[in-house]
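Notes follow the structure.
Throughout, protein chains are lettered first and strands after them, A, B, ... in sequence-line order, and every chain is numbered starting at 1.
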Number of protein chains: 2
Amino acid sequence: MTSQPRPTQADVARLAGVSTATVSYILSGRSSRSTPASPETQQRVFDAMEQLGYNPQWAARALKRRPSGIVTVLTHVPLPTLSSELISQVQDLAGAREMETVFLQYSDDASLARQLRLVRGGLADALIVMGLENMAEATQSRLAALPIPVLAVANEAPPGLSLIRRHERAALIDLFAHLRRSGSQGVHYVTATPRVNRRVLDRRTAVVTEAAAITGVVPVLHRVAVAPDPVQARAILDGISVDGTQAVVCQSDRMAITLACVARNAGIAVPGALRIAGMGNIAEGALTQPSLTTVGVRDPDYRSVIGHLLDRAEDPTIAPETFDTPWELLVRDSA
Amino acid sequence: MTSQPRPTQADVARLAGVSTATVSYILSGRSSRSTPASPETQQRVFDAMEQLGYNPQWAARALKRRPSGIVTVLTHVPLPTLSSELISQVQDLAGAREMETVFLQYSDDASLARQLRLVRGGLADALIVMGLENMAEATQSRLAALPIPVLAVANEAPPGLSLIRRHERAALIDLFAHLRRSGSQGVHYVTATPRVNRRVLDRRTAVVTEAAAITGVVPVLHRVAVAPDPVQARAILDGISVDGTQAVVCQSDRMAITLACVARNAGIAVPGALRIAGMGNIAEGALTQPSLTTVGVRDPDYRSVIGHLLDRAEDPTIAPETFDTPWELLVRDSA
DNA sequence: CTGAAAGCGCTTACAG
DNA sequence: CTGAAAGCGCTTACAG
C-alpha cells in the first residue's frame, strides 16, 4: 500500500503533451470523434499511462456517463441461493459488453436496505435478484420500483420485474407418477420452515400437494430448518417406515442429498428401502451416490434471459419479460 | 422500472427551500458545521427527500470525499473459499462504520484483472482476498501494490499485505499422533491438484508430510481434482485397505465429508474400518454423521483482524500486520 | 444559523 | 487532427 496521490488523467495528459480530452478519447476507444488520435500520439499516451500507473477513477467516470457499467447480483447469505451456472453466465455476458459484475449479499432486512441504497445510489445498471420469493412483500415492491431493470428468479412478483419462472407442476406430476409406478404407496414431502415470506413456500407446498393429489396420493408433510441438518434428517427418517413402500420428496436437492446420506449411514438402502427425490437439479446431485432423482431444468442456460436484462439496461423502453423454464423429471438412481 | 430523471440534492433543496449545502449537511449528519440546521428545517428537508424519493448518488459522493465507504471481498468462483463467519463479521464491522460490503468474484486471470480494475478505480477502501495462495505470483504482487490496504488469508505473501496466517504444524502433529494412538498404521493424504500456483499446495503437502514424519509415519499421497467428487473418492477408497489399520487425512473438510459419505455408502464403517480426518473446521463438519475429526480454528473470530484492516483504511500510516491463528486438533467421531 | 462557490476526475459537445 | 470549457451530483471550507 503506497499512499502517494493517484495520478489523474491530467497527469497523463501533461506527460504525454496532449489534452485530457485526447487521453479520454484514447482511453475509451469510443471515438465519436471524427478521427482518432494519430498512432504516435496514442502510443505516447499509453506510455504515459503505463509510466504513471494510471487507472481511471471509476466514480468520476460513472458520474459523467450515467450508466455505471456494473451489473449487480443480489443474493442471500448464508443460504446459498446462487446457481453457479447463472453466475458464470452473467460474468461472461457482462464481460462481453464491457460491464463488471459485482455481488451484494444480504442477511437480514437491515443489510438488504443498505445494499439497496448502494444500488439506488447508482452502483448498478441492472440487478439480478436471487431468492426474491423469500423477501417481504414490501421489499419486493421496493425492488420493482428501482430505476434500473431487475431480473428475479421467482414464480410470482410485483409487476415491473423481468422474471425467470419455473414451471414445476408438470414435472412434479411426472415425479409422483414415477414414484407410484415404482411401488411407493406413501409419499412424504420435506420442506423448510419459511423465514420471511411464508406465503411463497406455502404456495410451493400447495403445488406439490396438488401434483401428488392428481396421481392419487396425499403426502405427509415434514417441516425442517432451512439449512439441511443431519440431526433433523435423522428425526424425519425415524418417523418413516423403510420397507420400500415409502418415498420422500424434498424441497431442495441439498436437503435430499443430506437425507440420502444420513439414510444410508443408518443402514437404510436407497432406493431399495426408501426412495428419495429432490428438487432443483443442482450439479452435485448427479455425482452423489446414489445419484439423485430430481425435478429441475435439464441444462440451465440463462444466456438469453441475461441478454434481455442487459438489453433493458441499454434501452429503457424495452418492457420487462417473463421467461418460462420448463422443469423436467430427471430420473436417476435414488428413486 | 421508471425512467424519469432521478431527483438530485438540488431538487430536494429547492423543494425544502434551503441550499444544497444544508441538505448535504443534514444528510450526512457529520456536522463539521458549528451548528446543525434547526429541527424544523431538518424536518422539511427529510420530508422533501421522502416526497421526491431522493437517493444520494453514490458516484458523486465518492468522487468528492475520497474514501468510497466500501470494503470489498474478492473471492474465487466456483471454488468456495469463503468462510461464512468471515463474511458475516466483515458485514457487521463494516456496517458499524457505515461502510458497505461488496463481493467481487473471479474465475480466471481475465476476470481477476477486470475486478482489480474496479478496485483500483476506487471501488474499495479496503480489500479482503480469499484464496491468495492459489493466485499467480504476479497477481499477488499486483494486489500488494494496490493503493488501499489489503488483507489476505495466506501463510505466505509479498510484503505490504496484512495477513491471516494459519499455523497448521502443531495441530497436524497432534492429529497424526492421535491417529497413531488410535491404531492407524498407515496414513493417506488426499490433496487437490493445484490449479494455478502449485508451489503453495506443495508447501502444504510438505508441512503435512513433515508432521507425519515426526510421529513416525510416511503418508501415501493421493491427488484429486479440486471439487470433491464421489467417483474419485471411490477410486481412492478402492486402493486402501479397510481393516481398521488405515487413516485418511484430507486437505479440506469438504473432501473429507464427501469421502466419509462415500465410504459409508460402500459399507465401510467410519471410523471402525477406516479413520477419516479433514482440515479447516467448517461448520458442516460438526453436523455430519459421523461428525468430522479435523484440524482448524476452534472458534473463527476475525473481528480484530478486520478491525485492523478498516483502521488501516482510515489511517494509511498504520503498517500491515500479520495475525496468527492457532490451529487445533478437534477430535470428533470420524477418527 | 445558512448560502454561494469551488472543485473532486472524468466525458463530450463544440470550436478551432 | 486537437484543445478549452462546461458540467455530472455531490461536499466543504469560507463568508456572511
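Inspection of the A:H308 and A:S162 side chains reveals an N or O donor paired with an N or O acceptor under 3.5 Å.
Ion pair B:R44/B:D47 not flagged as a salt bridge, since none of the NZ, NE, NH1 or NH2 atoms sits closer than 4.0 Å to an Asp/Glu carboxylate oxygen. Salt-bridge formation is not detected for the pair A:R97/A:D125: no Lys NZ or Arg NE/NH1/NH2 atom is positioned less than 4.0 Å from an Asp or Glu carboxylate oxygen.
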Practice item. Using the side-chain contact (heavy atoms from CB on, under 4.5 Å) rule, take A:V129 and A:L161 through it: C-alpha gap first, then chi angles, then the decisive distance, then the call. Key: CA-CA 10 Å; A:V129 179; A:L161 303 180; over 6 Å; no

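Annotation: side chain of A:R303 is in contact with side chain of A:D92 (closest heavy-atom distance under 4.5 Å).
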Could you run down the sub-3.5 Å N/O contacts of the protein with nucleotides 5-9 of chain C?
residue	atom	partner	partner atom	Å
C:dG7	N3	B:K64	NZ	3.3
C:dG9	N2	A:A60	O	3.4

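Here D:dC1 presents its P atom at 14 Å from CZ of A:R44, a figure rounded to the nearest Å. Atom CD1 in A:I26 sits roughly 15 Å away from atom P in C:dT12 (whole-Å rounding).
Across every strand in view, D:dG16 sits in a pair with C:dC1 that passes the Watson-Crick or G-U test at under 3.5 angstrom.
Here the separation of C:dC1 from C:dA5, taken at their P atoms, is 24 Å to the nearest Å. Between C:dG16 and C:dT12, the two C1' atoms lie 16 Å apart (nearest whole Å). When the P atom is used for both D:dT2 and D:dA6, the distance is 23 Å, rounded to whole Å.
Looking only at distances, no side-chain donor or acceptor of B:E100 sits under 3.5 Å from a matching main-chain atom of A:Q115.
Remark: B:S24 is not in phosphate contact with D:dT12, judged by side-chain N or O atoms under 4.0 Å from OP1 or OP2.
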